[in-house]
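Working notes for the structure below.
Quick caveat, the model's predicted, so the values are computed rather than measured.
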Amino acid sequence: AGTRMYYTNNVLRTKTNTMGSGVYEFNAGAGLGMRPTKIGDYITFIPRIDYMTQWAHYGEKNVKDLLGYHFSMIKGSAAVGLPDDWSLGLGLEYDYLSGIFSGDKMFDAVAPTFSIQKIVPFTEKSFLMIDSMIKYANTQRVIQNGYDGFPIPGVFADDGDNLQTALNATYIHSFGPAGKFLFMPNLGFARTAYLKNDHQGRVDYLFTLGASGIYQFREWLGVQTFINYSKMFTNEKGVDLLDKSSKFRAWDAGVALTGNYRF
């Protein structure tokens, strides 16, 4: 479980008339996994199932009713560990989003995923994690009360089925007594191609750059500070459809508190 409070300078993710807002998020989840199963001498197999739910409130009164949401996800997955710190992941998830105040359903989706990850160690206290993911979201959008598929960044895409591909790199360095301090810069790029409804043929590109610092008070409790920069742009079809939302730049900065218990 965790809570996150941050400020964004562009809450509507638009290229003009930007508006800032504070954001408060709370999330809780649980996962159940089996112990690794050996397949031959070099491969391990780890199946698991996860559930996560998140609530978000926006401080800016002009957007709080529009953007406040409740998101839930349940996912079954299997990780396949390979030699030389490579791993593969297969998953199937169900996502559901609703307005936090009205309770109206905004969308649900069934999404298979495939991922590949490589860990590059440098020292005992630092390593680079590179991962790539492909996800097909079979989405059922619901339009209610004037809502017309407004995108909530990082949670769902806004018009039917889409294919998402992403590449991310995160450097992790621990230091201090017992390695309780973590510094994690990260870089990411994502492409989303829309395959259905009015937005068929639209392709979005999202570039992200950020860094976070974590202090682990206890094995089960940590506090984090973070800053993220994101830049989005789209193809010609997207420009025609989205107008002032066809590209944006945004800075987000804040703190988070996270607790976990493993048994």
- Query: Are Trp55 and Val63 grouped together when hydrophobic residues (ILVMFWY) are joined by side-chain heavy atoms under 4.5 angstrom apart?
  - Reply: no
- Task: Describe, in one word, how the ring planes of Phe122 and Tyr171 are oriented to each other, choosing from parallel (under 30°), tilted (30 to 60°) and perpendicular (over 60°).
- Result: tilted
- Straight-line distance of Ile214 CD1 to Phe226 CZ, nearest 0.5 Å: 11.0 Å
- Between the side chains of Tyr194 and Asp161, does any donor sit under 3.5 Å from an acceptor? no
- Message: Within the 4.5 Å heavy-atom criterion, are Ile74 and Ile49 side-chain neighbours or not?
- Response: yes
- Message: Is it the case that the ring center of Phe233 lies less than 6.0 angstrom away from the ring center of Tyr205?
- Response: yes
- Item | Contacts of Thr234 that satisfy side chain to side chain donor-acceptor pair (under 3.5 Å) - sequence neighbours left out | Asp204
- Looking at Phe181 versus Phe183, is the centre-to-centre ring distance below 6.0 Å? no
- Task: Would you mind checking if Asp95 and Lys105 are paired as a salt bridge, meaning a charged N to carboxylate O distance below 4.0 Å?
- Result: no
- According to a 4.5 Å side-chain heavy-atom criterion applied to Ile, Leu, Val, Met, Phe, Trp and Tyr, with indirect links allowed, do Tyr69 and Leu66 form part of one hydrophobic cluster? yes
- Message: Would you say Ile119 ends up clustered with Met184 if hydrophobic residues are merged whenever their side chains have heavy atoms under 4.5 Å apart, either directly or through other cluster members?
- Response: yes
- Query: Aromatic rings His173 and Phe175: how do their planes relate, parallel, tilted or perpendicular, breaks at 30° and 60°?
  - Reply: parallel
- Say whether Tyr136 and Gln164, considering side chains only, have a donor N or O and an acceptor N or O under 3.5 Å apart. no
- Message: Check for me whether the distance between the ring centres of Trp251 and Tyr229 falls short of 6.0 Å.
- Response: yes
- May I ask you to test the Val23-His57 pair for a side-chain heavy-atom distance under 4.5 Å? no
- Flag side-chain contact, heavy atom, 4.5 Å: Leu221 against Thr258: no
- Measuring from Ser212:OG to Ile172:CD1, what's the distance to the nearest 0.5 Å? 8.5 Å
- No-hydrogen, no-angle side-chain donor-acceptor test under 3.5 Å, Thr8 and Arg13: yes
- Message: Working note: Lys135 + Glu93, criterion salt bridge (Lys or Arg N to Asp or Glu O under 4.0 Å); need CA distance, chi angles, decisive distance, verdict.
- Response: CA-CA 10 Å; Lys135 174 179 177 180; Glu93 67 183 63; 3.0 Å; yes
- Item | Point-to-point distance, once rounded to the nearest 0.5 Å, from OG of Ser21 to CG of Asn10 | 11.0 Å
- Residues pairing under salt bridge (charged side-chain N to carboxylate O under 4.0 Å, His left out) where one sits in residues 41-62, two or more places apart or in two chains, turn out to be Arg48-Asp50
- Phe217 to Lys180 - nearest heavy-atom pair and separation: O-NZ, 3.7 Å
- Item | Separation between CZ of Phe127 and CE of Met129, rounded to the nearest 0.5 Å | 6.0 Å
- Query: Taking a hydrophobic cluster as the set of Ile, Leu, Val, Met, Phe, Trp and Tyr residues connected by side-chain heavy atoms closer than 4.5 Å, whether directly or through intermediates, do Ile43 and Phe114 fall within one such cluster?
  - Reply: yes
Extract all donor-acceptor atom pairs below 3.5 Å that involve side chains of residues 75-89 and protein atoms in other chains or at least two apart in sequence.
none

- Message: Between Tyr24 and Phe26, is the ring centroid distance below 6.0 Å?
- Response: no
- Measure the shortest side-chain to side-chain distance between Phe207 and Leu187 over non-hydrogen atoms and say whether it is less than 4.5 angstrom. yes
- Quick one: pull up CG in Asn228 and CG in Leu209 and give me the separation to the nearest 0.5 Å. 8.5 Å
- Any side-chain donor-acceptor pair under 3.5 Å between Asp252 and Tyr7? no
